[in-house]
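Computed from heavy atoms alone, side chains included, the values below leave out hydrogens, waters and symmetry copies.
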Amino acid sequence: SVTGVEVNGATLEILRHTYRDHFRRWVEDPRVRLVHEEGRHFLASQPDLYDVIQLSGVDSVSGTPGAAHVFSESYLYTAEAIDLYLSRLAPEGVLNLMRPESTPPREMLRLLASVVESLRRRGVERPAEHVMVLVDRRGSFVAVLAQPRPFAAEQVRRVAAWAGSNPTLALGAAPGFAPSGPSAYAALLAAPSARDLHAGLSRYPWDVRPVTDDRPFFFRTSRWSHLWPQAGV
């Protein structure tokens with residue numbers, strides 16, 4: 001069964017009524033449940049566990065022309081939100097976080113760091129064994145996959161084979177996988193401890209430290225030094 005949670009009522013109206021004839025085959029499938037709700041609140045309000053929890057670019061960048069979203073609060077990708085998502089996975093369930101990415105990597109690198117820290121809070125000693133990263137070959141889109149149990153070698157092999165058969169995707173990081181070129185995601189996962197991770201994040205040109213519910217500015221990755229790039233301040 002599939003539960004689709006959508007905060008925008010207009011989107012559900014399109015699926016259920018406006019273009020129902022086009023989507024009928026799966027909208028009317030008894031195994032599909034559509035819920036008009038905010039995703040994080042939905043998960044927090046019920047105890048069910050899932051084999052897959054997927055967030056597919058669920059944040060809105062409607063304020064992009066005025067850069068308004070940079071200072072907008074988002075509670076979808078905070079440390080507390082990632083803790084919740086992982087807690088709602090079945091033992092072999094997979095969390096899939098998919099979003100556009102900047103060049104050089106910023107927001108998805110921050111999200112990866114958030115996943116790594118959340119896994120450590122759950123008692124995972126080697127988070128890198130629980131994470132895979134798929135990247136668009138142009139660097140414009142990234143998917144972070146995480147699960148409570150370490151990914152098995154067969155899982156990594158299957159994902160690598162699938163990505164290799166896709167002309168637009170590549171495996172950016174995975175257990176036992178060595179990327180062919182520099183990868184900020186693989187470098188982050190290679191940090192052996194939380195202290196090493198924080199040290200690496202502090203040296204990164206952009207602020208990609210995990211955000212929290214008390215500091216939910218996920219889209220703000222600039223540093224004060226960016227105001228004076230020539231002065232090196």
Side-chain angles (χ1 to χ4, degrees), residues 3-9 11 35-50 52-64 66-90 93-102 105-124 127-128 130-131 133 142-148 184-185 188-189 191 193-202 204 206-224 226:
T3 299
V5 183
E6 172 57 50
V7 71
N8 190 338
T11 299
V35 180
H36 185 191
E37 176 67 275
E38 192 277 325
R40 179 177 171 183
H41 179 267
F42 173 81
L43 283 178
S45 63
Q46 49 83 45
D48 295 343
L49 300 181
Y50 296 89
V52 176
I53 296 177
Q54 178 164 315
L55 284 75
S56 305
V58 293
D59 50 273
S60 171
V61 291
S62 58
T64 298
H69 72 289
V70 173
F71 299 104
S72 295
E73 299 174 348
S74 174
Y75 296 89
L76 293 169
Y77 307 121
T78 63
E80 294 85 350
I82 302 301
D83 287 348
L84 173 64
Y85 304 152
L86 290 174
S87 74
R88 293 298 187 267
L89 287 176
V94 176
L95 172 64
N96 182 15
L97 304 164
M98 306 167 62
R99 292 192 67 262
E101 178 61 299
S102 304
R106 300 174 204 174
E107 293 166 4
M108 287 304 290
L109 196 62
R110 164 175 276 169
L111 198 51
L112 178 60
S114 301
V115 168
V116 167
E117 288 202 337
S118 181
L119 287 167
R120 283 205 171 100
R121 285 192 292 273
R122 294 173 60 86
V124 173
H130 299 246
V131 178
V133 179
V142 173
V144 173
L145 295 86
Q147 67 176 18
Y185 310 104
L188 187 153
L189 289 171
S193 67
R195 182 175 181 177
D196 293 315
L197 173 63
H198 295 161
L201 295 180
S202 67
Y204 197 70
W206 299 85
D207 183 2
V208 293
R209 294 170 298 168
V211 296
T212 66
D213 283 352
D214 290 333
R215 181 179 167 270
F217 302 106
F218 176 79
F219 300 102
R220 184 182 180 186
T221 57
S222 59
R223 297 185 183 275
W224 283 108
H226 293 155

How long is the straight-line distance from OG of Ser45 back to CZ of Arg40, given to the nearest 0.5 Å? 12.5 Å

Does the side chain to side chain contact (heavy atoms under 4.5 Å, CB included) test come out yes or no for Arg99 and Val142, once each step is laid out? CA-CA 6 Å; Arg99 292 192 67 262; Val142 173; over 6 Å; no

State, with a plain yes or no, whether a side-chain heavy atom of Arg120 is found less than 4.5 Å away from one of Leu197. yes

Ile82 and side-chain contact (heavy atoms from CB on, under 4.5 Å): which single residue from Leu111, Val116, Leu119, Leu76 fits? Leu111

Evaluate Glu38 against Tyr75 for side-chain hydrogen bond (donor to acceptor under 3.5 Å, both in side chains), listing each step before the verdict. CA-CA 11 Å; Glu38 192 277 325; Tyr75 296 89; over 6 Å; no

Considering all heavy atoms, the nearest Arg209-Arg215 contact: NH2-NH2, 3.2 Å

Taking the side chain from Arg223 and the backbone from Trp206, do they hold a donor-acceptor pair closer than 3.5 Å? yes

So, does Arg88 use its side chain to make a donor-acceptor pair with the main chain of Leu49 at under 3.5 Å? no

Between the main-chain N or O of Glu107 and the side-chain N or O of Glu101, is there a donor-acceptor pair closer than 3.5 Å? yes

Pair Arg122 + Asp83: basic N to acidic O under 4.0 Å: no

Counting distance only, does the side-chain N/O of Ser114 pair as donor-acceptor with the main-chain N or O of Arg110 below 3.5 Å? yes

Got a sec, which residues hit ring-ring contact (aromatic ring centres under 6.0 Å, His included) with Tyr77, two or more places apart in sequence or on another chain? Phe218

From Leu95 CG over to Leu89 CG, what is the distance, rounded to the nearest 0.5 angstrom? 6.0 Å

Do you know the tightest heavy-atom contact between Asn8 and Glu6? N-OE2, 2.8 Å

Looking at Val115 and Ala146, what are the two nearest heavy atoms and their distance? CG1-CB, 3.7 Å

Can you name the nearest heavy-atom pair linking Pro216 to Asp214, along with the distance? CD-C, 3.7 Å

Got a donor-acceptor contact below 3.5 angstrom from the His36 side chain to the Val7 backbone? yes

Do you know which two heavy atoms are closest between Val144 and Met108, and how far apart they sit? CG2-CE, 3.7 Å

If you define the side chain from C-beta out and look only at heavy atoms, does anything of Leu201 sit under 4.5 Å from Leu188? yes

Indicate the atoms forming the closest heavy-atom contact of Thr3 with Tyr50, along with that distance. OG1-CE2, 4.5 Å

Would you say the side chain of Glu117 lies within less than 4.5 Å of the side chain of His198, judging by non-hydrogen atoms? yes

Find out whether Tyr85 and Leu55 are in side-chain contact, i.e. whether some heavy atom of one side chain is under 4.5 Å from a heavy atom of the other. yes

